[in-house]
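Remember, predicted model here, so these are calculated numbers, not experimental data. Atoms within a ligand are numbered from 1 in the order they appear, just like the ligands themselves.
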Amino acid sequence: MKIKDAYVIVTSPGRNFVTLKIVTDEGVHGIGDATLNGREMAVVAYLEEHVIPALVGRDPQRIEDTWQYLYRGAYWRRGPVTMSAIAAVDMALWDIKGKLAGLPLYQLLGGKSRERVMTYSHATGSDIAACLDEVARHVEQGYRAVRVQSGIPGIQSTYGVAKRPGERYEPADAKLPAEHDWNTARYLNHAPKLFAAVRERFGDDLHVLHDVHHRLTPIEAARLGKEAEPYKLFWLEDCVPAENQQSFKLIRQHTTTPLAVGEVFNSIHDCRELIENQWIDYIRASLTHAGGITAMRRIADLAGLYHVRTGFHGPTDLSPVCLGAAVHFDTWVPNFGIQEHMPHETRTDEVFPHDYRFEDGHFIVGETPGHGVDIDEKAAARFPYQPASLPVNRLEDGTLWHW
Ligand SMILES: O=C(O)[C@H](O)[C@@H](O)[C@H](O)[C@H](O)CO
Ligand SMILES: [Mg+2]
């Protein structure tokens, strides 16, 4: 059997998605997600110029060999563009393997470790009261876990806060980066008040999560972690930028608040020290940005040795293809923690028909062979690419800060 054809489909049903479709000479096809929010076309060029020409003619069943061929063969290893491109190939090949075997992906990985996959979603509000109302709405929908983000007095634009009540938070909303502002002191004074209010209204049973989005220094993150302890967060996410993995050593020495990190990671080397030193509790790398199922399985197995659990990134900028594959992975992986779930728009779901379903705060995996997600190319063609960038962030004096 050979790969006969491979091509990239870019579509924007509400936001941009990059999908790789691989077709075999026996007519079986598989798809993979290659979406890198705000840098989509770099991955498209990488796939079209450098990957697809090398794929045609290869045996689609040799997933590991193809992964190594693309990783080692590039010479320039790692990086989000390279690893998202490799991930798309990997996901599409696992999809094909499942279809050939007549088995859903979770069966190929080792079968079910659980019946359903716990998810968390995003409650956002312009202030604490509005955020609490959004939490209530999520609890009514069945969520057992909710991420809370609220506007901060004195800061114009806060990460994670939707423009209008009930809307999704979609930060890539302008052709060139929008300018946001940041003030660490105001944030640090505000965040514990939000956690306290959530606990007071919803009691102890709800899992409460919060994303700092890389904005603090290690000692500031340590203070926040410590002050959050009475409110028993499920996790505190991305409290510092993680290029320097040693930062987490300092944070860990000061607080028992569980730490999650890794949505921007693209390889096992980005998290090896964090895992081996048990400086974190949840690894957030996604199947799309960290090299696919083949690579993520190695990360998850390493994490399992050190009591680190998975908490896959799952915002709307990862397509239903990534989410579908993630639900299979989550159903299998022994050290599962939680799955992020930011529901896609109806038109996105129409372009990507899928068989995973949301029920009572959980995802239930489907039984379709492969990862169970397809692309309706006619529907995709109705939504052309829309250039969109993520914001930048500045301190009050104009200094460019982490967004
Ligand atoms: O925890 C999350 O879901 C993330 O932080 C996202 O909201 C990112 O900001 C987005 O993926 C950037 O493209
Ligand atoms: Mg995040």
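Under 4.0 Å is where a charged nitrogen must lie from a carboxylate oxygen, and between Glu134 and Arg137 at least one such pair does.
For atom 10 (C) of ligand 1, the nearest protein heavy atom (residue, atom name, distance) is Asp317 OD1, 3.4 Å. With hydrogens left out, the protein atom closest to atom 7 (O) of ligand 1 is Tyr159 OH, 2.8 Å, a heavy atom. The nearest protein atom to atom 3 (O) of ligand 1, hydrogens excluded, is given as Glu340 OE2, 2.5 Å; this is a heavy-atom distance. Closest to atom 9 (O) of ligand 1, if we only count protein heavy atoms, is His213 NE2, 2.8 Å. Atom 13 (O) of ligand 1 has its closest protein heavy atom at Asn37 ND2, 2.9 Å. Closest protein heavy atom to atom 5 (O) of ligand 1: Glu263 OE2, 2.7 Å.
Between the Mg ion (ligand 2) and Glu340 there is no N/O/S contact shorter than 2.8 Å. Among the atoms of Asp211, an N, O or S atom is found under 2.8 Å from the Mg ion (ligand 2).
Taking a 4.0 Å cut-off on heavy atoms, Met342 fails to register as neighbouring ligand 1. Proximity of Tyr120 to ligand 1 is not established, as no heavy-atom distance is less than 4.0 Å.
Looking at Phe312, Trp94, Tyr106 one by one, the single match for ring-ring contact (aromatic ring centres under 6.0 Å, His included) with Phe329 turns out to be Phe312. Each of His122, His138, His207 was compared with Tyr143 under the ring-ring contact (aromatic ring centres under 6.0 Å, His included) criterion, and only His138 meets it.
Contacts between Leu390 and ligand 1 below 4.0 angstrom, taking non-hydrogen atoms only, involve the side chain exclusively.
The aromatic ring centres of Phe352 and Phe17 sit less than 6.0 Å apart. Taking the six-membered ring for Trp, Tyr159 and Trp182 have ring centres at least 6.0 Å apart.
Arg62 CZ: 12 or fewer foreign heavy atoms inside a 6.0 Å radius. More than 12 heavy atoms of other shown residues, nucleotides or ligands fall within 6.0 angstrom of atom CZ in Phe358.
Close approach of ligand 1 to Trp403 (heavy-atom distance below 4.0 Å) involves ligand atoms 9 (O).
Residues Thr348 and Glu345 have side chains that never bring a donor and an acceptor to within less than 3.5 angstrom of each other. With 3.5 Å as the limit, one finds a donor-acceptor pair spanning the side chains of Thr255 and Glu229.
The atom of Glu263 nearest to the Mg ion (ligand 2) is OE1, with the search restricted to N, O or S atoms. Checked against the Mg ion (ligand 2), the N, O or S atom of Glu237 at the shortest distance is OE2.
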